[in-house]
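Each remark here refers to the structure printed beneath this line.
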Amino acid sequence: LSEAFGITLIRVVLGIILLAHGYVLKIGTFTTAGPMAILEIGFPAIVAYPMIAGEILGDLALLISVFTRLAALLSILILLGATWMHLGNN
């Protein structure tokens, strides 16, 4: 197997995992009200909509290999924010 195949496999698997988290959890489970309620820690509720859009569109971009570097950077920022949110929860 080649290095290109490995990179593609990692990108696709990461895209699937993040898409499942972004869409199923935020839209399917909590609807948009859930992430907006979570953002009561000091962020305005309007931040939830670009966060959801960025997460879902970024994950789709990773899956179809469009703007992969930008999608990865935005995913890292979203994941860092999620990590910060959950630090106090053990």
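As the structure is a computational prediction, the values presented were derived from the model and not from experiment. For this chain, numbers begin at 1 and follow the sequence in order.
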Checklist entry - Side-chain heavy atoms under 4.5 angstrom apart, residues restricted to Ile, Leu, Val, Met, Phe, Trp, Tyr: same cluster for Ile56 and Val12? => result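 Same hydrophobic cluster.
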Next on the checklist: Do Ile16 and Ile10 sit in one hydrophobic cluster, given that two such residues count as connected whenever their side-chain heavy atoms are within less than 4.5 Å of each other, even indirectly?
Outcome noted: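 Shared cluster, no.
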Checklist entry - How many angstroms lie between atom CG of Leu77 and atom CD of Glu55, to the nearest 0.5 angstrom? => result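 CD of Glu55 is found 12.0 Å from CG of Leu77.
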Next on the checklist: If I take atom CG from residue Leu18 and atom CG from residue Leu74, how far apart are they, to the nearest 0.5 angstrom?
Outcome noted: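 Result: 12.0 Å between the selected atoms.
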Item to check | Residues in side chain to side chain contact (heavy atoms under 4.5 Å, CB included) contact with Ser2, at least two apart in sequence or another chain | outcome: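 Once residues adjacent in sequence are excluded, the partners of Ser2 under the side chain to side chain contact (heavy atoms under 4.5 Å, CB included) criterion are Ala4, Phe5.
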Checklist entry - Which other residues belong to the hydrophobic cluster containing Leu80, where Ile, Leu, Val, Met, Phe, Trp and Tyr are joined when side-chain heavy atoms lie under 4.5 Å apart, directly or via other members? => result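 Hydrophobic cluster check, Leu80: joined to Ile76.
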Side-chain donor/acceptor pairs under 3.5 Å, residues 58-72, sequence neighbours excluded:
residue	atom	partner	partner atom	Å
Asp59	OD2	Leu19	N	3.2

